[in-house]
K.L.:
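I'd like to ask some things about the structure below.
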Amino acid sequence: MSPSVEDEERRLASLVRAHDRWRGRESFNLLPSENSLSPTSRRYLGSDLAGRYTLPVPVTLEGETLDNSYTGTRYTDQIEQLANAAAGRVFRARFATTRPLSGHLAALSALVPLLPPKGTLLAIPPGEGGYDGYAADYVPKVFGYSVRALPTRGPCHRVEAEPAIDAIRRERPDAVVLGQSFFLFPYPLREIAEAAHEVGALVLYDASHVLGLIAGGVFQDPLREGADVLFGSTHKSFPGPQGGLLVTDREDLFQRIDPWLVWRIFDNAHWNRIAGLAQTLLELERNGTEYARTVVANSRALGRALADGGLPLLGEEWGFSESHQLHLDRARLRERHGLGTGALARRLETQRLLIDLVGRIGTAEVARLGLGPGEMARLADLLLRAGLRREKVAAEVLRWRREYPELKYR
Ligand SMILES: Cc1ncc(COP(=O)(O)O)c(C=O)c1O
């Protein structure tokens, strides 16, 4: 017999409550792809905007020119303008759109209007920390692009100027896409941009992972260092609602991008998300520098403490990280502890400590909770005891987690 609608409603309510308790109050999130929203931003996600449309794109209907297909939009349109203006200020960019619904769609918002048909991309391969979406079988396959490898060096998959420039001169792509899912260190962007512009290639900087750091003025400043377009997800190191944004200083490019978005890349842009994103942008205008500096300081302090405690990490020679991520050294983890990153992450999960299964540890959300570099030794101790010595630390984690009921930097 199928369950009644009422039973399913009760079950759904209890699943959402349980999720909110588990992820929002009773565990530490160290997944670098995630963050948590301020209460105000979250409230806007649940506002009336969640069910509304606006489409401020002129259309002509039987000789009549309309400035929108919908009525009732007087506040919605102002919210979007406020969000775009805030994005322009935060990233010091002349042009901004907060419409992309995700980091992936922000990438398409740049690629599809700017690349010629059958265009060529130079992108970091997924095996070297690059985003899977740029691999031949995904975005390039859908849009008929060719993709060539932008090479990286060493186990941290650092992009170095010389091999990158060689690849740009050899491949002469239409666009160089920078940015990684495994992203520890900034790029020699000035040199790369100079070589790209010499061969007529655009430089597109996918900051999906590091957008919150760039907003706070740390990591690197892509638009000043030569990137033509900067885009990314708004929910990883950037502590906003799930979505994306795109900014540029180049009017010629923005004029090509902006009209392409509606009806080509997406239609509805989810205005409740844009209101929530506007709030996060304003919070970052207020507190973004302190937030971003704390995140990076956390990564370096946590890296040191974990490595000293015997958990093998990459990048020790460079202080482990300049971002919100740390990377486990898979080979040494297996050799020294007989563990894969998946087994380690599952073990930690049972103790209320969440890292990802592919070997990344993130420090952005714990910074939002109020943990700074001074707390990283204690966090490392819990990770080491639970992960390497199989100690049951869940009760201790829960007690500590409860000391941070409110988010900082809002
Ligand atoms: C470098 C990079 N670009 C794009 C994306 C896609 O972002 P989203 O999940 O917001 O679509 C990701 C996701 O992890 C990413 O790591």
Side-chain angles (χ1 to χ4, degrees), residues 29-37 41 45 87 97-112 121-143 145 147 149-150 152 156-159 175-187 189 192 203-215 219-220 222 227 229-247 261 265-266 268-270 273-274 276-277 280 321-327 354-362 364-365:
N29 180 51
L30 298 151
L31 288 149
S33 309
E34 296 181 353
N35 216 313
S36 54
L37 303 185
S41 177
L45 284 185
T97 174
T98 48
R99 283 195 187 175
L101 294 162
S102 68
H104 186 88
L105 288 169
L108 294 190
S109 303
L111 290 172
V112 178
L121 304 179
L122 199 65
I124 299 163
E128 299 179 37
Y131 173 50
D132 289 281
Y134 302 127
D137 237 17
Y138 299 103
V139 168
K141 185 166 193 167
V142 175
F143 293 95
Y145 306 140
V147 61
L150 179 68
T152 66
C156 291
H157 306 308
R158 291 193 77 146
V159 173
V176 178
V177 185
L178 291 160
Q180 285 162 288
S181 301
F182 285 70
F183 206 171
L184 293 175
F185 299 106
Y187 301 137
L189 192 48
I192 291 173
V203 178
L204 310 179
Y205 193 108
D206 178 344
S208 288
H209 263 279
V210 292
L211 196 69
L213 307 179
I214 292 171
F219 199 67
Q220 68 185 140
V229 182
L230 166 68
F231 57 80
S233 311
T234 52
H235 48 269
K236 299 178 195 283
S237 67
F238 189 101
Q242 289 190 330
L245 60 72
L246 178 152
V247 294
L261 302 183
I265 312 291
F266 40 77
N268 187 353
H270 301 177
R273 175 189 65 77
I274 289 178
L277 173 54
T280 312
S321 175
E322 286 178 41
S323 77
H324 63 308
Q325 300 188 359
L326 291 167
H327 296 172
L354 306 176
I355 67 168
D356 73 25
L357 293 161
V358 290
R360 294 175 302 186
I361 300 173
E365 191 167 326

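Remember, predicted model here, so these are calculated numbers, not experimental data. Sequence positions, counted from 1, serve as the residue numbers for this chain. Atoms within a ligand are numbered from 1 in the order they appear, just like the ligands themselves.
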K.L.:
Within the distance-only criterion (no hydrogens, no angle test), does the side chain of Ser208 pair as donor or acceptor with the backbone N or O of Ser233 below 3.5 angstrom?
P.N.:
yes
K.L.:
How are the rings of Tyr187 and Phe183 set relative to one another: parallel (under 30°), tilted (30 to 60°) or perpendicular (over 60°)?
P.N.:
parallel
K.L.:
Start with the C-alpha gap between Phe182 and His327, add the side-chain angles, then the distance that decides, and say whether ring-ring contact (aromatic ring centres under 6.0 Å, His included) holds.
P.N.:
CA-CA 8 Å; Phe182 285 70; His327 296 172; 5.1 Å; yes
K.L.:
Step through the shown structure and confirm whether more than 12 heavy atoms of other residues, nucleotides or ligands are within 6.0 Å of CD on Gln220.
P.N.:
yes
K.L.:
Test Asn35 against every option in Glu365, Lys236, His324 by the side chain to side chain contact (heavy atoms under 4.5 Å, CB included) rule and name the one that passes.
P.N.:
Glu365
K.L.:
Is it true that Tyr131 and His209 share a donor-acceptor pair across their side chains at a distance under 3.5 Å?
P.N.:
no
K.L.:
Using a strict cut-off of under 4.0 Å between a residue heavy atom and any atom of ligand 1, list the qualifying protein residues by chain and number.
P.N.:
Ser102, Gly103, His104, Tyr131, Gln180, Ser181, Asp206, Ser208, His209, Ser233, His235, Lys236
